[in-house]
Amino acid sequence: MPTSQVDIPTLLRQVSFFSELSSDDIERVVRYTRERQLEKGEVLFQRGDAVHGFYFVVSGQVKLAVSSAQGNEKVVEIISPMHSFGEAVMFLNRPYPVFAEALVATHLLHIGQAVVSDLIDQDSTFARKLLAGMAIRLHSMVQDVETYSLRSSMQRVIGYLLQLVENEERAGVLDIELPTSKQVIASRLNLTPETLSRIFHDLVNAGLITVHGKHISLHDPARLARYQG
């Protein structure tokens, strides 16, 4: 592998279940780690491809999605920087159930399955942290199913916008930049692009938001939260 311009050991410690590994173990993981650079729109793997490890996003954005024979696409998850994906399917001995595509130019690390299996065998604390991480991902997916099943289209969109500012003080105007295209966001929320546009239009007419492309101003986040009903 060519000499890397990034500090891979430090990046690996950003993976939650690697954070407490010894320096020797991190160096061992480094030997099983490969960098990948993807251009926007480049496919990382296809549904049905064999799994040999998991990925960690250093920068950029990856969508995990499924597509039908008719060409319809459903975005399952959008992976942002400093997050990993593919850990669970790595242990199933089955091919990928989704495809992965870079939404923007993306830098990833691929960590081989063999070293993860070795660490599980030697370190029960590591195994527990890995299980905890996968449990959190499962809990998030259950919440998604609940959202799509029980919430209206309007509630889903408002919930998504408020999630983007969940760490901000909800007072006054808050400006946000949508992390990806409206088409991808619509698919992620199980909506058509037309429905998403109509809801944005309704929220603009209600004086709750202003939309300029991917830039959205939330005029009164507290009132917007109440608007969910």
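Sequence positions, counted from 1, serve as the residue numbers for this chain. Note that this is a predicted model, so its numbers are computed, not measured.
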Subject >> Side-chain donor/acceptor of Arg34 to backbone N/O of Arg31, under 3.5 Å >> reply: yes

**OP:** Give a yes or no on this: more than 12 heavy atoms of other residues, nucleotides or ligands lie within 6.0 Å of atom CG of Asp121.
**Re:** yes

Subject >> Short side-chain to backbone donor-acceptor contact, Arg188 and Val76, under 3.5 Å >> reply: yes

Original post:
Are any non-hydrogen side-chain atoms of His107 and Leu38 less than 4.5 angstrom apart?
Top reply: no

Subject >> Worked verdict on Val184 versus Ser181 for side-chain contact (heavy atoms from CB on, under 4.5 Å) >> reply: CA-CA 5 Å; Val184 170; Ser181 71; 3.2 Å; yes

Original post:
Within the distance-only criterion (no hydrogens, no angle test), does the side chain of Lys182 pair as donor or acceptor with the backbone N or O of Lys214 below 3.5 angstrom?
Top reply: no

**OP:** May I ask you to decide if Val104's main-chain N or O and Thr106's side chain share a donor-acceptor pair within less than 3.5 Å?
**Re:** yes

**OP:** Would you confirm whether Thr33, through its side chain, and Val29, through its main-chain N or O, come within 3.5 Å as a donor-acceptor pair?
**Re:** yes

Original post:
Testing Phe85, Tyr96, Tyr32, Phe17 for ring pair (Phe, Tyr, Trp, His ring centres under 6.0 Å) with Phe54, which one passes?
Top reply: Phe17

Subject >> Glu27 CD to Ile8 CD1 distance, which is reported to the nearest 0.5 Å >> reply: 10.0 Å

Subject >> Nearest-0.5 Å distance that lies between atom CD in Glu20 and atom OG in Ser22 >> reply: 11.5 Å

Original post:
Within a strict 4.5 Å, meaning less than it, do heavy atoms of the Ile111 and Val115 side chains meet?
Top reply: yes

Ignoring hydrogens and angles, write down the donor-acceptor pairs under 3.5 Å from the side chains of residues 56-65, residues two or more places apart or on other chains.
residue: Gln61; atom: NE2; partner: Pro179; partner atom: O; Å: 3.2
residue: Lys63; atom: NZ; partner: Glu73; partner atom: OE1; Å: 3.4
residue: Lys63; atom: NZ; partner: Glu73; partner atom: OE2; Å: 2.5

Original post:
Are any of the side-chain heavy atoms of Arg28 and Leu21 separated by less than 4.5 Å?
Top reply: no

Original post:
Pick one: which of Leu119, Asp25, Asp118 meets side chain to side chain contact (heavy atoms under 4.5 Å, CB included) with Phe126?
Top reply: Leu119

Subject >> Any Arg13 side-chain heavy atom under 4.5 Å of Ile26 side chain >> reply: yes

Original post:
Just how far is it from atom CG of Leu174 to atom CG of Asp220, taken to the nearest 0.5 Å?
Top reply: 9.5 Å

Original post:
Would you say Ser19's side chain and Ser16's backbone share a donor-acceptor pair under 3.5 angstrom?
Top reply: yes

Original post:
Is the backbone of Asn190 close enough, under 3.5 Å, to the side chain of Arg156 for a donor and an acceptor to pair up by distance?
Top reply: yes

Name every donor-acceptor pair, under 3.5 Å, that has one atom in a side chain of residues 42-52 and the other anywhere in the protein, sequence neighbours excluded.
residue: Glu42; atom: OE1; partner: Glu39; partner atom: N; Å: 2.9
residue: Arg47; atom: NE; partner: Pro97; partner atom: O; Å: 3.2
residue: Asp49; atom: OD2; partner: Gln46; partner atom: N; Å: 2.8

Original post:
Taking atom CG of Leu131 and atom NZ of Lys129, what is their separation to the nearest 0.5 Å?
Top reply: 12.0 Å

Going by atom type alone, with no hydrogens or angles, which donor-acceptor pairs under 3.5 Å involve a side-chain atom of residues 198-211 and a protein atom two or more places apart or on another chain?
residue: His201; atom: NE2; partner: Asn205; partner atom: ND2; Å: 3.1
residue: Thr210; atom: OG1; partner: His219; partner atom: NE2; Å: 2.5

Original post:
Are side-chain heavy atoms of Tyr55 and Ser84 found at a separation under 4.5 Å?
Top reply: no

Original post:
Donor-acceptor pair, His83 side chain versus Pro81 backbone, under 3.5 Å?
Top reply: yes

Original post:
Short question: side chain of Gln155, backbone of Ser152 - any donor-acceptor pair under 3.5 Å?
Top reply: yes

**OP:** Would you check if Leu189 and Val75 make a side-chain contact, meaning some heavy-atom pair closer than 4.5 Å?
**Re:** no

**OP:** State plainly whether one hydrophobic cluster holds both Phe99 and Met90, where clusters connect Ile, Leu, Val, Met, Phe, Trp and Tyr through side-chain heavy atoms under 4.5 angstrom apart.
**Re:** no

Original post:
So how far is it from Ile185 CD1 to Leu191 CG, rounded to the nearest 0.5 Å?
Top reply: 10.5 Å

**OP:** Can you measure from NE2 (His212) to CG (Asp175) and round to the nearest 0.5 angstrom?
**Re:** 9.5 Å

Original post:
Side chains of Ile216 and Leu218: closer than 4.5 Å at any heavy-atom pair?
Top reply: yes

Subject >> Close side-chain approach of Ile176 to His215, heavy-atom, < 4.5 Å >> reply: no

Original post:
Is the backbone of Pro193 close enough, under 3.5 Å, to the side chain of Ser197 for a donor and an acceptor to pair up by distance?
Top reply: yes

